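Take a look at this one; I'll ask things after.
Note on naming: letters A, B, ... go to the chains in the order of the sequence lines (proteins, then strands), and numbering restarts at 1 for each one. Since the structure is predicted, the reported quantities are computational estimates derived from the model, not experimental observations.
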2 protein chains.
Amino acid sequence: MYGFNVVSLDQKGRLAIPAKYRNTLLENNETQIVITKDPQYPSLKIYPKSQWIKISSKLESLQGLDPIVRNLQWTILGNASVTEFDPGGRMLILIPIELRKYADLVDQKQISLIGMGNKFEIWNVNNWEMRQTGGSLAAEILDVVLPESIKSMSF
Amino acid sequence: MYGFNVVSLDQKGRLAIPAKYRNTLLENNETQIVITKDPQYPSLKIYPKSQWIKISSKLESLQGLDPIVRNLQWTILGNASVTEFDPGGRMLILIPIELRKYADLVDQKQISLIGMGNKFEIWNVNNWEMRQTGGSLAAEILDVVLPESIKSMSF
DNA sequence: ACAGAATCCGGCTTATAGACCAACTCACTT
DNA sequence: AAGTGAGTTGGTCTATAAGCCGGATTCTGT
């Protein structure tokens, strides 16, 4: 489940998961997906249920009073919305208005859906393109900014 | 039990748990919920009974003279209020006046109900919106402030 | 102690959001 | 060129939120 797609929202604000992803999900018995805010960028994240359980349970287990943690919990848990495949095997996701505002999707007909393997991201088409315009990251920047644990990886 | 909802208080100040949550609660035999103060923010917390038992017993077990701990105990334990589903299977919560004052809900018709998985939060709509700064957290802030256990998480 | 008032609780009704279903069009394949 | 499958649309219908109302119970003040 990788790749970049432009998909459309219909007049009711519904989004159809492309068939290639849908089939993979069904094959893995992933009949529910969760959509929520990305805490870092004005975009949305879509997780298959099993992936969501990992993330949400970890977040919920953090009990402390750290305001940043609570903020993360609000953003991610407090905005999650669950959708199931309908009996016909189709999946039309109604993106809640709050999330549409957050990701700048109000009145958008076309949106970007990016497959990231075990999750998807949803972006306003323009915002996504702006993110990408940088082209490739200069080697120097990569060298300076990346944490050690990443530097050692080979891509 | 995740997500953001604006629900209304009826003329008597009663709050109805939305059906989607109610059903999940009933399926898990959670017929009682507990509402109490959030010690950190002017908001309220709603726990299913089983979750409440974990939290309250942990709090009760804290002995000693630490004034912070005693304060937490007063706030959380001393303001708890139990509500049951009525025979018709619906749950109307009458929020005690003390709690309504605390969360700035007096004379409010609309309130924010945020599902956080194993608990809910109740906010004055305006206060909630102010908290949600509208934007996303800057990547740099996330990186600097987050505890190690979170930094390593992938969202 | 009793009456009036205020608060609390359950049932009923209505407007509506959203889930469900079906059809149509377009594109791709054979 | 025809058929199949995917994407998209629109209509319908059901579940539910929310307001309303009437009855019950508790509280208060005289």
Side-chain angles (χ1 to χ4, degrees), chain A residues 1 3-27 31-36 44 46 49 79-101 105-115 120 122 125, chain B residues 1-27 31-33 35 46 81-101 105-115 120 122-123 125:
Chain A
M1 304 202 295
F4 170 79
N5 318 263
V6 174
V7 298
S8 64
L9 296 179
D10 64 25
Q11 290 176 337
K12 296 185 184 178
R14 293 174 299 182
L15 155 69
I17 298 285
K20 53 180 174 177
Y21 300 138
R22 207 177 56 202
N23 295 334
T24 318
L25 289 170
L26 285 174
E27 284 164 15
T31 57
Q32 295 183 324
I33 58 103
V34 177
I35 182 168
T36 190
L44 306 179
I46 294 184
K49 187 73 178 294
N79 285 290
S81 158
V82 182
T83 306
E84 307 200 0
F85 281 100
D86 64 35
R90 287 208 185 82
M91 180 175 275
L92 286 177
I93 302 174
L94 183 63
I95 305 177
I97 182 65
E98 185 61 27
L99 300 189
R100 253 179 287 169
K101 285 183 197 164
L105 301 178
V106 179
D107 295 332
Q108 297 291 313
K109 295 216 172 54
Q110 305 279 91
I111 66 174
S112 298
L113 176 70
I114 299 100
F120 301 91
I122 290 179
V125 177
Chain B
M1 306 204 296
Y2 300 97
F4 169 80
N5 317 264
V6 174
V7 298
S8 65
L9 300 177
D10 64 20
Q11 291 176 335
K12 315 289 173 61
R14 293 175 298 181
L15 156 69
I17 299 284
K20 53 181 172 178
Y21 302 138
R22 210 174 54 203
N23 294 335
T24 325
L25 289 170
L26 286 174
E27 283 165 15
T31 56
Q32 294 184 323
I33 57 103
I35 182 168
I46 294 184
S81 156
V82 183
T83 306
E84 306 202 357
F85 281 100
D86 65 36
R90 70 183 178 169
M91 181 176 275
L92 288 175
I93 302 173
L94 183 63
I95 305 174
I97 184 64
E98 182 60 28
L99 300 189
R100 250 180 289 171
K101 285 182 195 166
L105 301 178
V106 180
D107 294 332
Q108 296 291 314
K109 294 214 175 55
Q110 306 275 91
I111 66 174
S112 297
L113 176 70
I114 299 101
F120 302 90
I122 290 179
W123 285 76
V125 177

B:Asp10 CG - C:dC12 C1' separation (whole Å):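 That distance rounds to 14 Å.
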To the nearest Å, how far apart are A:Arg14 CZ and C:dC21 P?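 Taking atom P of C:dC21 as the reference, CZ of A:Arg14 is at 14 Å.
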Once you round it to whole Å, what is the distance between C1' of C:dA17 and NZ of B:Lys20?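 The distance from NZ of B:Lys20 to C1' of C:dA17 comes to 12 Å, rounded to the nearest Å.
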Counting C-beta onward and ignoring hydrogens, is there a side-chain heavy-atom pair between A:Ile95 and A:Leu15 closer than 4.5 Å?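 Touching, per the 4.5 Å side-chain cut-off.
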Atom pair CD1 (B:Ile122) and CD (B:Gln108), whose distance is rounded to the nearest 0.5 Å: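 CD of B:Gln108 is found 12.5 Å from CD1 of B:Ile122.
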Is B:Ala19 touching bases, backbone alone, or none of the nucleic acid, heavy atoms closer than 4.0 Å?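 Sugar-phosphate: the residue B:Ala19, judged by heavy atoms under 4.0 Å, touches backbone atoms but no base.
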Outermost DNA chain D nucleotides near chain A [under 4.0 Å, heavy atoms]: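 The footprint of chain A covers D:dA6 to D:dG11.
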Pick the nucleotide of DNA chain D nearest each of A:Gln11 and A:Pro18; which residue has the one closer to the 5' end?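 The residue closer to the strand's 5' end, by nearest nucleotide, is A:Pro18.
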Is there a donor-acceptor contact under 3.5 Å linking the side chains of A:Asn5 and A:Tyr21?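 Distance-only check passes for A:Asn5 and A:Tyr21.
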Find the distance B:Asn5:CG to C:dG18:P and express it as a whole number of Å.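 Between P of C:dG18 and CG of B:Asn5: 11 Å.
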In whole Å, I'd like the distance from the CD1 atom of A:Ile95 to the C1' atom of C:dA17.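 About 17 Å, once rounded to whole Å.
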State, to 0.1 Å, how close B:Glu84 and B:Met91 come at their nearest heavy-atom pair, and which atoms those are.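 Residues B:Glu84 and B:Met91, closest heavy atoms: C-CE, 3.8 Å.
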Distance check, rounded to the nearest 0.5 Å: A:Leu99 atom CG versus A:Ser81 atom OG?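 So the CG of A:Leu99 and the OG of A:Ser81 are separated by 7.0 Å.
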Can you tell me how far P of C:dC9 sits from CZ of B:Phe85, to the nearest Å?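 After rounding, the reported distance stands at 16 Å.
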Value in whole Å for how far the P atom of C:dT7 lies from CG of B:Leu92: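 One finds 18 Å between P of C:dT7 and CG of B:Leu92, rounded.
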Identify the two heavy atoms, one from A:Val6 and one from A:Gln110, that lie closest to each other, and give their separation to 0.1 Å.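 What the structure gives for the nearest pair is CG1-NE2, 3.5 Å.
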Please figure out whether B:Leu94 or A:Arg90 has its closest DNA chain C nucleotide nearer the 5' end.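 First, find each residue's nearest nucleotide; the 5'-ward one identifies B:Leu94.
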Between A:Arg100 (CZ) and C:dA17 (P), how many Å, whole number?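 That distance rounds to 13 Å.
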Toward the 5' end of DNA chain D, by each residue's nearest nucleotide, A:Lys12 or A:Arg22: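 Per heavy-atom nearest nucleotide, the more 5' residue is A:Arg22.
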Determine whether more than 12 heavy atoms belonging to other residues, nucleotides or ligands lie under 6.0 Å from atom NZ of B:Lys109.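 Not more than 12 within 6.0 Å, no.
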